[in-house]
Amino acid sequence: MGLKVYNTISRKKEDLVPREKGKISMYSCGPTVYNFIHIGNARTFLNFDMIRRYLEFSGYEVTFVQNITDVDDKIINRAREEGITPEELAEKYLEAFNRDMGEMGVVPPDITPKATGHIGDMLKVIEGLVASGAAYESDGDVYFDVSKFPGYGELSGRVLDEQQVTSQCGVEMERKKNPNDFALWKSSKPGEPYWESPWGPGRPGWHIECSAMSVKYLGVDFDIHGGGQDLIFPHHENERAQAEAYSPGGRFVKYWMHSGMLNIDKEKMSKSLGNIKSLREVLDEYKPDVIRMLMLGTHYRSPLNFSDESLVDAKASLERLQNCIFNLKDLLKRLDGSKVSMATIDRETELIDYVNNAEVEFRNHMDDDFNSAAALGVVFNLVREINAYITEAEEHRSPGAKLVLLESERILEKLCGALGLFQSSPEVAGLPSAHAGRKSETAPTLDEMMELILEVRQRARERKDFESSDAIRDGLLKLGIQIEDGREGSRWRLER
RNA sequence: GGCGGUGUAGCCAAGUGGUAAGGCGGAGGUCUGCAAAACCUCUAUUCGCCGGUUCGAAUCCGGCCGCCGCCUCCA
């Protein structure tokens, strides 16, 4: 069974057949760098990160291009507000964006073209469109003539006559032949950034940059074009019209993929409602994997309701997964000296089968249009099995235990990795391996300190001085260290 | 008005013809000095409502109701 993806333009799931065998070319609309990105933007970027990771997990060689819109009305306006130049503003928020993505553990795209670095490429396309009659100049602006592209509306499933004619800004309306025509080039007003063009100084319209840059780096008829669902119309519809009108007969994109919207407390995020939540704000309270877990829990095309409660739930479920990995590593650490032998008892061969079968099921779900929510279900079933086995293995150390545990660890980490979980930070919140064995000549390590503390606490427990032992445990918890007492002594881990 | 989506337990959420995954929360139990972690059992005879097709429907068809998004910048 191969990968299937839902293609917006056909409104169906289709077999993913890449243009070039074994390779995927994908483009996704990146940020307009005029502000910190919000949690809704983050969802889209995280979804495409999930998609990209899974494609690579499946063996594809992925070339991922994501643009940076660094010239646009919003940037100009915002720069005015902040009293800096548009260039400075774009630079500032591009840095913030990169920091956010880095913190979230998003794999950086292979190419991140900036609009301002590709004006020449855009002008070339615009000139071509004007020459072929698909676009026209009007008072220093250049518009795409929608009536010249018969396929207009196919992507978004719109019939233009049936659209509500909404109020558009007056000047533009006067210059357009048809209300649905859109700007390829806008003449600049005094004080705005501009580039020279055959139609005078101006700047590119928004849609043209994606058409020009995607084709420049990926060629025509590339595999996947993505973005948020709200970009289907007009942005992607327009991109498609331009690109296909520019190279007649050629298809622009093979598969259109759109990420579902995120709502806050069941409402759309909007300035007027004042409920815009930046990714930064959420990151101040929750670690990146909690946010990722929240996103993975809903299929990428479904609407996702974001709330404090949903974050709390996601955190708890992430912890369940983390605890399992922790317990696994902890037991393996204690089994360190023992040899790896073949599984002997039925229970063990059964579990190894279960673990390997889990990977098959996981892939089946992910192959079905990246159903991460269903795939997570498989992971959690696996967690329950592994946890149960850990308890058994603690009791009777059978020779095959180590093999089972190692195999469980391998698969569990593999599946988490495919989803992008636990990839952002060097340590999985205090896993034994993460803080083990780093000896310093000068300062004692946390490990060494904890060993001493736990030993002292153990003495207190042995003489039933629970007041002292509990004081140590409570005190450490306040410092972010969780103590757990088990049948083989106490262990600790860093709380996030 | 047009287009699209969606309605599954207290909450979140998979499931598109074969008899309701998973997570959170809740109840009880096991283990434990107590915690924590973990395990076990229970927590939707039923999938917005009404009809229809079918041996069989949450899944297909028709109608109705609710919610959301897009149609203007928007991930």
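In what follows, chains are A, B, ... by sequence order, proteins preceding strands, each numbered from 1. It should be emphasised that the depicted structure is a prediction, and the values quoted were computed from it without experimental measurement.
- Under a 3.5 Å cut-off, the side chain of Arg158(A) and the backbone N or O of Pro234(A) do not form any donor-acceptor pair.
- Phosphate contact (OP1/OP2 of G15(B), side-chain N/O of Asn371(A), threshold under 4.0 Å): present.
- Secondary-structure annotation of RNA chain B gives the stems B:1-7 with B:65-71, B:10-12 with B:22-24, B:25-30 with B:38-43, B:48-52 with B:60-64, with a stem taken as at least 3 successive Watson-Crick or G-U pairs whose two distances both fall under 3.5 Å.
- At whole-Å resolution of the value, NZ in Lys13(A) and P in U16(B) are 7 Å apart.
- Note on Asp230(A): a base of the nucleic acid sits closer than 4.0 angstrom, heavy atoms only.
- Looking at heavy-atom distances under 4.0 Å, Arg457(A) makes contact with a base.
- For the P atom pair drawn from G1(B) and C64(B), the interatomic distance equals 12 Å after rounding to whole Å.
- Annotation: U46(B) and U59(B) have their C1' atoms spaced 14 Å apart (nearest Å).
- One donor-acceptor pair, N or O on each side, does fall under 3.5 Å between the base of G33(B) and the side chain of Asp470(A).
- Backbone-only contact: Ser317(A) has heavy atoms under 4.0 Å from sugar-phosphate atoms and none from a base.
- Residues Tyr300(A) and Leu46(A) are not in side-chain contact: their nearest non-hydrogen atoms beyond the backbone lie 4.5 Å or more apart.
- For Ser302(A), a side-chain nitrogen or oxygen approaches OP1 or OP2 of A14(B) to under 4.0 Å.
- At the heavy-atom level, Ile483(A) lies under 4.0 Å from base atoms of the strands shown.
- Among the nucleotides C24(B), C40(B), A75(B), the one closest to any side-chain atom of Leu231(A) is A75(B).
- In this structure, Ile291(A) and Leu283(A) have side chains that are in contact, with non-hydrogen atoms separated by less than 4.5 Å.
- The separation between Leu376(A) atom CG and G23(B) atom P is 10 Å, rounded to whole Å.
- One interatomic measurement links the two molecules: CZ of Phe306(A) to C1' of G69(B), which rounds to 19 Å at whole-angstrom precision.
- In this structure, Lys329(A) places its NZ atom 21 Å from P of A37(B), rounding to the nearest Å.
- Residues Arg99(A) and Glu95(A) are not paired through a salt bridge, judged by the lack of any N-O separation under 4.0 Å between the basic side chain and the carboxylate.
- When each of G15(B), A37(B), G33(B) is scored by its nearest atom to the side-chain atoms of Asn327(A), the top-ranked nucleotide is A37(B).
- In the set A36(B), A75(B), G25(B), A36(B) carries the atom at the smallest distance from any side-chain atom of Glu484(A).
- In terms of modelled atom types and a separation under 3.5 Å, the side chain of Thr112(A) and the main chain of Gln66(A) share no donor-acceptor contact.
- Picking from A36(B), G22(B), C24(B) the nucleotide with the shortest atom distance to the side chain of Gln482(A) gives A36(B).
- For Arg203(A) (side chain) and Ser188(A) (main-chain N/O), no donor-acceptor pair under 3.5 Å exists by modelled atom type.
- At a threshold of 4.0 angstrom between heavy atoms, the contacts of Ser310(A) with the nucleic acid are absent.
- Of the candidate nucleotides G25(B), G33(B), G23(B), G25(B) has the atom lying nearest to any side-chain atom of Ala316(A).
- The phosphate of G23(B) (OP1 or OP2) has a side-chain N or O of Arg320(A) nearer than 4.0 angstrom.
- Of all nucleotides listed (C39(B), A14(B), G22(B)), A14(B) comes nearest to the side chain of Thr298(A).
- Judged by atom type and distance alone, Arg461(A) reaches the base of G33(B) through a side-chain donor-acceptor pair under 3.5 Å.
- In plain terms, the two heavy atoms of Met293(A) and Ala314(A) that are nearest each other are CG-O, 3.8 Å.
- Of the C1' atoms belonging to G2(B) and U43(B), the separation is 45 Å, rounded to the nearest Å.
- Contact annotation for Gly297(A): backbone-only contact, meaning every heavy-atom pair under 4.0 Å involves sugar-phosphate atoms and none involves a base.
- Distance CD (Glu394(A)) to P (C31(B)): 16 Å, rounded to an integer number of Å.
- Residues Cys324(A) and Val378(A) each lie close to RNA chain B; by heavy-atom proximity, the contact nearer the 5' end of the strand is made by Val378(A).
- Using a 4.0 Å heavy-atom distance criterion, His235(A) is classed as making no nucleic acid contact.
- When heavy atoms are screened at a 4.0 angstrom cut-off, Ile390(A) is found touching no nucleic acid atom at all.
- Distances from the side chain of Arg158(A) to the nucleotides C70(B), A14(B), C39(B) place C70(B) closest.
- Within the 3.5 Å criterion, the main-chain N or O of Pro113(A) finds no donor-acceptor partner in the side chain of Asn67(A).
- Checked against A13(B), G22(B), A37(B), the side chain of Arg491(A) finds its nearest nucleotide in A37(B).
- Between the C1' atom of A75(B) and the CD1 atom of Ile68(A) lies a distance of 13 Å, rounded to the nearest Å.
- Side chain of Arg53(A) to backbone of Ala418(A): no donor-acceptor contact under 3.5 angstrom is found.
- The P atoms of A35(B) and A58(B) are separated by 44 Å, rounded to the nearest whole Å.
- Judged by closest nucleotide on RNA chain B, Lys464(A) is the one of His207(A) and Lys464(A) placed further toward the 5' end.
- For Glu154(A) and C3(B), the CD to P distance is 17 Å, given to the nearest whole Å.
- Taking atom C1' on both U6(B) and C47(B), the two are 14 Å apart, rounded to the nearest angstrom.
- A14(B) and G5(B): their P atoms are spaced 16 Å apart (whole Å).
- The gap from the P atom of U8(B) to that of C50(B) amounts to 16 Å, rounded to the nearest Å.
- Residue contacts for Ala388(A): at a heavy-atom cut-off of 4.0 Å it reaches the sugar-phosphate backbone alone, with no base atom in range.
- On a pure distance criterion of 3.5 Å, a polar donor-acceptor pair joins the side chain of Arg473(A) and the base of A35(B).
- Taking every side-chain heavy atom of Asp313(A) into account, C11(B) is the closest of A14(B), C11(B), A38(B).
- One C1' atom belongs to C11(B), the other to U16(B), and the distance between them is 25 Å to the nearest Å.
- Interface remark: the Asp485(A) side chain does form a donor-acceptor pair with the C34(B) base, using a distance-only criterion of under 3.5 Å.
- Between Asp369(A) and Lys13(A) there is no salt bridge, since no side-chain N of the basic residue sits under 4.0 Å from a carboxylate O of the acidic one.
- Contact between the side-chain N/O atoms of Asn323(A) and the OP1/OP2 oxygens of A38(B) is found at a separation under 4.0 Å.
- For the pair His236(A) NE2 and C71(B) P, the computed distance is 13 Å after rounding to whole Å.
- Among the heavy atoms of the strands, none lies under 4.0 Å from Ser307(A).
- Set against A75(B), C70(B), G23(B), the side chain of Thr32(A) has A75(B) as its closest nucleotide.
- Where stacking is scored as ring centres under 5.5 Å apart with planes under 30°, Phe466(A) registers as stacked on the base of G33(B).
- No side-chain heavy atom of Met104(A) sits under 4.5 Å from any side-chain heavy atom of Asp49(A).
- Taking the six-membered ring where tryptophan is involved, the planes of Tyr27(A) and His225(A) are tilted, since the angle between them lies from 30° to 60°.
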